[in-house]
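When reading the values below, keep in mind they use all heavy atoms of this one structure, side chains included, and skip hydrogens, waters and symmetry mates. Counting starts at 1 for both ligands and their atoms, following the listed order.
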Amino acid sequence: KGLGKNTWSVYDPERDRSEAVAERLSWGDRIRMALEQDLLLLHYQGVYDAASGELVHMEALARIRDPRDLERILMPGQFVPIAEKTGLILALDRRVLELGIAQLADNPDMPPLAVNISGRSFDDPALADAIRELIARHRVDPSRLIIELTETAAVSEIQEAQRFIESMHRLGCKVCLDDFGAGFSSFAYLKYIDVDMLKIDGMFVRDLTRDRENQVFVRAMVDVAKGLGKRTVAEFVEDAATLEMLNTLGVDMAQGYHLHRPGPHLLQKSA
Ligand code: C2E
Ligand code: MG
Ligand code: MG
Ligand code: MG
């Protein structure tokens with residue numbers, strides 16, 4: 001009755017019970033179990049030179065096998081916000097770094113790998129030491145590791161971000177500012193944050209060929225990046241026309257379903 005006019009439902013005790021069980025295993029529990037039971041895995045997406053189409057590096061994207069149903073793969077949109085809220089993101093990001101650096105060590109011919117780091121994680125002064133230790137233990141050339149920081153996080157913790165970026169540079173790693181343009185005051189804090197790459201947020205890349213405002217924004221971001229000596233990447237490149245326009249606008253690298261869909265396999269540089 002509470003559902004209003006023209007709606008009805010049949011009470012199904014079986015469905016009620018299974019939902020109650022699923023409910024009892026909270027997202028926090030699932031993430032914790034996944035970390036304990038080694039259910040975290042990486043998918044990879046290629047990042048390509050926008051002009052030549054050559055593979056330049058890959059991005060590692062975290063996935064979790066559902067502890068209750070190992071066939072089911074959980075996506076970051078489902079678990080990253082909860083991991084950030086519960087503090088589990090620190091362990092999650094470290095595990096991703098460990099898996100990624102081990103892959104680099106096992107595959108000397110693979111291109112550099114970019115790993116996403118939450119603002120919650122680089123707040124932790126021990127993170128830089130942990131990365132240094134992992135690189136040393138696996139004997140990996142640090143220039144093969146790219147750290148991606150999300151913009152919104154970097155803005156709120158500008159001093160922590162600065163300190164973390166400096167220690168990554170001392171170590172010899174590259175740093176990319178992810179989701180560039182999606183936060184407020186994007187240009188202003190480039191004065192304080194010295195990254196090597198800007199990844200233009202997908203919101204500006206979608207509809208690029210039809211949306212004149214987005215063209216203006218991308219051109220401005222490329223201009224600023226060039227003036228500051230930084231490289232640009234565009235994410236969410238979903239068709240050939242967008243890739244061509246990005247090229248015309250002077251964007252250096254491109255990533256998206258048109259070029260490669262994320263998957264469990266490593267990509268190799270073509271000879
Ligand atoms: P992101 O770093 O901006 O990664 C890009 C996301 O867009 C990925 O989603 C990717 O699969 C998706 N994508 C790539 N190309 C296209 C395209 O052409 N069209 C569309 N519609 N989507 C595309 P995913 O894997 O679900 O990751 C979502 C976000 O979760 C990431 O955004 C990143 O912020 C976060 N994330 C992923 N892995 C990690 C991690 O290990 N640690 C942390 N802290 N965050 C992570
Ligand atoms: Mg990223
Ligand atoms: Mg991004
Ligand atoms: Mg994004």
Name of the [X] atom (N/O/S only) found closest to the Mg ion (ligand 2):
{"X": "Asp178", "result": "OD2"}
{"X": "Glu59", "result": "OE2"}
{"X": "Glu148", "result": "OE1"}

Distance under 4.0 Å to a non-hydrogen atom of [X]: what atoms of ligand 1 satisfy this?
{"X": "Pro262", "value": "11 (O)"}
{"X": "Ser118", "value": "44 (N)"}
{"X": "Glu238", "value": "17 (C), 18 (O), 19 (N), 20 (C), 21 (N)"}
{"X": "Asp93", "value": "40 (C), 42 (N), 43 (C), 44 (N)"}
{"X": "Ile89", "value": "44 (N)"}
{"X": "Glu59", "value": "2 (O), 4 (O)"}
{"X": "Arg206", "value": "21 (N)"}
{"X": "Val96", "value": "41 (O)"}

Give the minimum heavy-atom separation between [X] and [Y], together with the two atoms involved.
{"X": "Leu208", "Y": "Val218", "answer": "CD1-CG2, 3.9 Å"}
{"X": "Ala254", "Y": "Val233", "answer": "N-CG1, 4.5 Å"}
{"X": "Arg65", "Y": "Leu70", "answer": "NH1-O, 3.2 Å"}
{"X": "Leu243", "Y": "Ala50", "answer": "CD1-O, 4.1 Å"}

Report the part of [X] in contact with ligand 1, treating N, CA, C, O as backbone and CB onward as side chain, heavy atoms under 4.0 Å; options are side chain, backbone, both, neither.
{"X": "Gln45", "value": "side chain"}
{"X": "Arg94", "value": "neither"}
{"X": "His258", "value": "neither"}
{"X": "Asp178", "value": "side chain"}
{"X": "Glu235", "value": "side chain"}

Practice item. Only heavy atoms count here, so choose which of Phe79, Phe122, Tyr257 is nearest to atom 22 (N) of ligand 1. Key: Tyr257
Exercise for review: List in chain and number order the residues that pass salt bridge (charged side-chain N to carboxylate O under 4.0 Å, His left out) with Arg261, two or more places apart in sequence or in another chain; answer none if no residue qualifies.
Suggested key: none
Practice item. Please say whether Ala62 places an N or O atom under 3.5 Å from an N or O atom belonging to ligand 1. Key: yes
Practice item. Could you tell me whether Asp179 and ligand 1 have an N or O pair separated by under 3.5 Å? Key: yes
Validation: residues 166-174 side-chain donor-acceptor distances under 3.5 Å, sequence neighbours left out:
{"unit_1": "Ser167", "atom_1": "OG", "unit_2": "Arg163", "atom_2": "O", "d": "3.2"}
{"unit_1": "Ser167", "atom_1": "OG", "unit_2": "Phe164", "atom_2": "O", "d": "2.9"}
{"unit_1": "His169", "atom_1": "NE2", "unit_2": "Asp196", "atom_2": "OD2", "d": "2.8"}

Exercise for review: With Gln255 as reference, evaluate His260, Glu235, Lys199 under the side chain to side chain donor-acceptor pair (under 3.5 Å) test and give the passing residue.
Suggested key: Lys199
Review point. More than 12 heavy atoms of other residues, nucleotides or ligands under 6.0 Å from NZ of Lys85: is that the case?
Key: no
Review point. Quick check: are there more than 12 heavy atoms from other residues, nucleotides or ligands sitting under 6.0 Å from CD of Glu244?
Key: no
Check your understanding: Under 4.0 angstrom from ligand 1, any heavy atom of Arg63?
Key -> yes
Review point. Checking side chain to side chain contact (heavy atoms under 4.5 Å, CB included) against Met58, which of Leu42, Val47, Ile146, Leu267 comes through?
Key: Leu267
Review point. Would you call Arg32 and Glu36 a salt bridge, using N to O less than 4.0 angstrom?
Key: no
**Study point:** Cationic N near anionic O, under 4.0 Å, Asp93 to Arg120
**Key:** no
